[in-house]
Amino acid sequence: MAERETPAATKSMDDIMALCKRRGFIYQASEIYGGINGFWDYGPLGAQLKKNLRDAWWNDVVMVPCGGRRGPTGEPVRMVPVDSCIIQHPRVWEASGHVEGFNDPMVDDRETKARYRADHLMGVFVVWEVPKHDAQKTGAELMSALATLVEPQSSSPYPEFMVVAPHAAEALSSLAADPKQIPRLKRAQPINAVRGDGAALALLHFGERAFVARVGPVDLALLGREPERFPAPVTGKKGVLTPPRAFNLMFKTYVGATATEDDVAYLRPETAQGIFTNFKNVVDTMRVKMPFGIAQMGKAFRNEVTPRNFTFRSREFEQMEIEFFCHPSEARAWYGFWRDWRMQWWESVGLKGENLVLREHATDELAHYAREGAGTSDIEYRFPFTAPGYGELEGVAHRTDFDLRRHQEYSGVKLDYFDAERGERGPSGQPRGERYLPHVIEPSAGLDRGVLALLCEAFTPDPARASGVFLRFRPRMAPIKAAVYPLVNREAMPEVAARLHADLVGRFGRDGFIEFDAKQTIGKRYARMDEAGCPFCFTVDGQSLQDMTVTVRDRDTQQQERIGLDAVPAFLADRLAR
RNA sequence: GCGGGAAUAGCUCAGCGGUAGAGCGCCAGCCUUCCAAGCUGGGGGUCGCGGGUUCGAAUCCCGUUUCCCGCUCCA
């Protein structure tokens, strides 16, 4: 299959979206009302395609963990599922870091179109002009004079300039390296280190004049009230900045009818936390033993700043997450195991070849919970809109014990695990046991992104065939499993075909649609199935009535073979497993 | 949030101040023995939405929504 693959860059996303609409895979949500940004609905074929991918994950991950293969410890992989609520106690999201991490206020420069994190705007507050005779002194020589200087608080609350940096120290060093960030500034010298209020002092030279300035965070409340009195970074121009605007990425709602601020709750931005909050319950009730995983699939919600690229960045989406708990000493081995096996799984559902890559994260792009861990990898697919780059399908992260530790801290409930098989051996030869907070490997996949990747991968333009395009789904993923057609709507053909159709629906109808259609020419019906991605069409023709055979038309090759009517179920059963 | 482009039938698009169109698809009938064949007929659009200009707006102007591209953002 891989050798006939169509490069992602040659596929048009517009064409894929049009096909998705035309064939009932994906519609824009609330379309008759003009649509709603960042939300998409699945049509009949899309719903079944999505279910097939979801079922494959559930079966291959939860019910037959890792397809039956053994983990790095040599034992079978143990896995149990949960299904937790979308709305959790608000403290869950404080513990997870989402309340803090999802609330970066941003400031826009209306003139230059630049956007800044408000807490990264460092103000430069001039507190003292250095007398001319002292202007050539170094920062160190000024230190004694500065000891008696006016308190920085007495200077104006409005900065003279603004510099973009995460904190004062970095602002100072970047100013020293590149004074052009402030108009007319010739030279900047740091004077002292960052103080308690997050600010530091610097000596700034403008031509012949020199000033001592305090560099530090600006008053965000004041910036919100009077943005016109704050200078923009780089240009120094006033009146062009917007007030800080909160980009709250969590969907807020209210529990109860009163809807006061005390009732605020959030729709989960990830399913993972529902696993961590149930960790103790699962350990206490399920006789699981380390190492083991808890899996969950379900909807999650993120108020994305810019939903874009079809369903790739939707505000409502479905996740398939595993939290795999293990002893800290085994985390590295399990991390590698999961990373490699998840990659193979995506290949098994049809994303083969150079469009699928495994990318290990560089240290500086790791999330807050993963810095101390064995690593983070992304399994990425080259979508037409990311080509030649890639978009994330699944992240595999070693989250250390970050989440359990935080939930233990915020809830006050002990979440450590007593491992009876570890620890020193006592006189009887029995291990004394070891109590520890497990480490976690998290393979977290996006179901909607997976569906989109399947669609993009399957989409195969072919000017030689009537439909101009066909969808080359793996039979296991295809929403329509087979079609049964009488070649013509005459003689006994429709009746024979209808019987075969009923038989196949009974055997395979739970896995996907089995089509029946007697209208129109056979070529037209084949072409429709090409566009819908149906892998096999069984046709009853004149010969069928003589010798009880049918033709099987293969979607990918357009070739036909003739098999016995009674051989069709076995033929399909064999192919649909692939 | 910003800048640019777009929105007319299920799809692809034409129409650009004077009665809303074509091709394909879809549905029905006829005909048809293997790849969107042919014939006949049919359904389907308040021209994204809301204002304004005009005797008259799909068409011009303003606003708005959605989609696409580029920024920006992305635990």
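- Nearest to the side chain of Ser467(A), among A36(B), C68(B), C34(B), sits A36(B).
- For Asp41(A), there are no salt bridge (Lys or Arg N to Asp or Glu O under 4.0 Å) partners at least two apart in sequence or on another chain.
- Ring geometry for Phe324(A) against Trp334(A) counts as tilted: the plane angle lies between 30° and 60°, on a 0 to 90° scale.
- For the salt bridge (Lys or Arg N to Asp or Glu O under 4.0 Å) condition, the pairs that include at least one residue of residues 27-39 of chain A, sequence neighbours left out, are Lys21(A)-Glu31(A).
- Taking only side-chain atoms of Ala466(A), from C-beta outward, the nucleotide of A36(B), A75(B), A28(B) with the closest atom is A36(B).
- By the salt bridge (Lys or Arg N to Asp or Glu O under 4.0 Å) test, Glu392(A) is found to be paired with no residue, residues two or more places apart in sequence or in another chain being considered.
- With hydrogens and angles ignored, no donor-acceptor pair under 3.5 angstrom links the side chain of Tyr485(A) to the base of C34(B).
- Between Trp40(A) and Phe310(A), the ring planes lie perpendicular to each other; the angle is over 60°, past the 30° to 60° tilted range.
- One finds the CG atom of Leu455(A) at 4.5 Å from the CZ atom of Phe473(A) (value rounded to the nearest 0.5 Å).
- Residues meeting the salt bridge (Lys or Arg N to Asp or Glu O under 4.0 Å) test with Glu531(A), sequence neighbours left out: Arg22(A), Arg23(A).
- Residue Asp41(A) contributes atom CG, which lies 13 Å from atom P of C67(B) at whole-angstrom precision.
- Contacts classified as salt bridge (Lys or Arg N to Asp or Glu O under 4.0 Å) and involving residues 558-567 of chain A (residues at least two apart or in different chains) are given here: Asp541(A)-Arg562(A).
- Contact annotation for Glu392(A): no contact, since no heavy-atom pair falls under 4.0 Å across all strands.
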Distances under 3.5 Å between protein N/O atoms and the N/O atoms of nucleotides 30-33 of chain B, please, pair by pair.
from	atom 1	to	atom 2	distance (Å)
U32(B)	OP2	Arg490(A)	NH1	3.4
U33(B)	O4	Glu491(A)	OE1	3.2
U33(B)	O4	Glu491(A)	OE2	3.2

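- Lys519(A) places its NZ atom 18 Å from the C1' atom of A37(B), with the value rounded to the nearest Å.
- Using a 4.0 Å heavy-atom criterion, one finds that Gly38(A) contacts the sugar-phosphate atoms exclusively.
- With U66(B), A75(B), A36(B) as the candidates, the nucleotide lying closest to the side chain of Lys524(A) is A36(B).
- With the 3.5 Å cutoff on both pairing distances, Watson-Crick and G-U pairs in RNA chain B assemble into runs of at least 3 at B:1-7 with B:65-71, B:10-13 with B:21-24, B:26-30 with B:38-42, B:48-52 with B:60-64.
- Protein atom CD of Glu323(A) is 18 Å distant from nucleotide atom P of A75(B), rounded to whole Å.
- Residue Arg313(A) has its side chain nearest to C73(B) when only U66(B), C71(B), C73(B) are considered.
- Shown here are the ring pair (Phe, Tyr, Trp, His ring centres under 6.0 Å) partners of Phe536(A), two or more places apart in sequence or in another chain: Phe571(A).
- C24(B) and A20(B): their P atoms are spaced 24 Å apart (whole Å).
- Every residue two or more places apart in sequence or in another chain was checked for a salt bridge (Lys or Arg N to Asp or Glu O under 4.0 Å) with Arg308(A), and none qualifies.
- In this structure, Asn37(A) reaches the C67(B) phosphate: one of its side-chain N or O atoms is under 4.0 Å from OP1 or OP2.
- Applying the side chain to side chain donor-acceptor pair (under 3.5 Å) test to Arg313(A) and every residue at least two apart in sequence or in another chain returns nothing.
- Scanning for side chain to side chain donor-acceptor pair (under 3.5 Å) contacts around His439(A) gives His398(A), with sequence neighbours left out.
- In this structure, Ile32(A) places its CD1 atom 17 Å from P of G48(B), rounding to the nearest Å.
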Write out a two-atom table: protein N or O, nucleotide N or O from nucleotides 6-11 of chain B, distance below 3.5 Å.
from	atom 1	to	atom 2	distance (Å)
C11(B)	OP1	Lys21(A)	NZ	3.1

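- The gap from the P atom of U64(B) to that of A58(B) amounts to 22 Å, rounded to the nearest Å.
- Picking from C69(B), C35(B), A75(B) the nucleotide with the shortest atom distance to the side chain of Glu270(A) gives A75(B).
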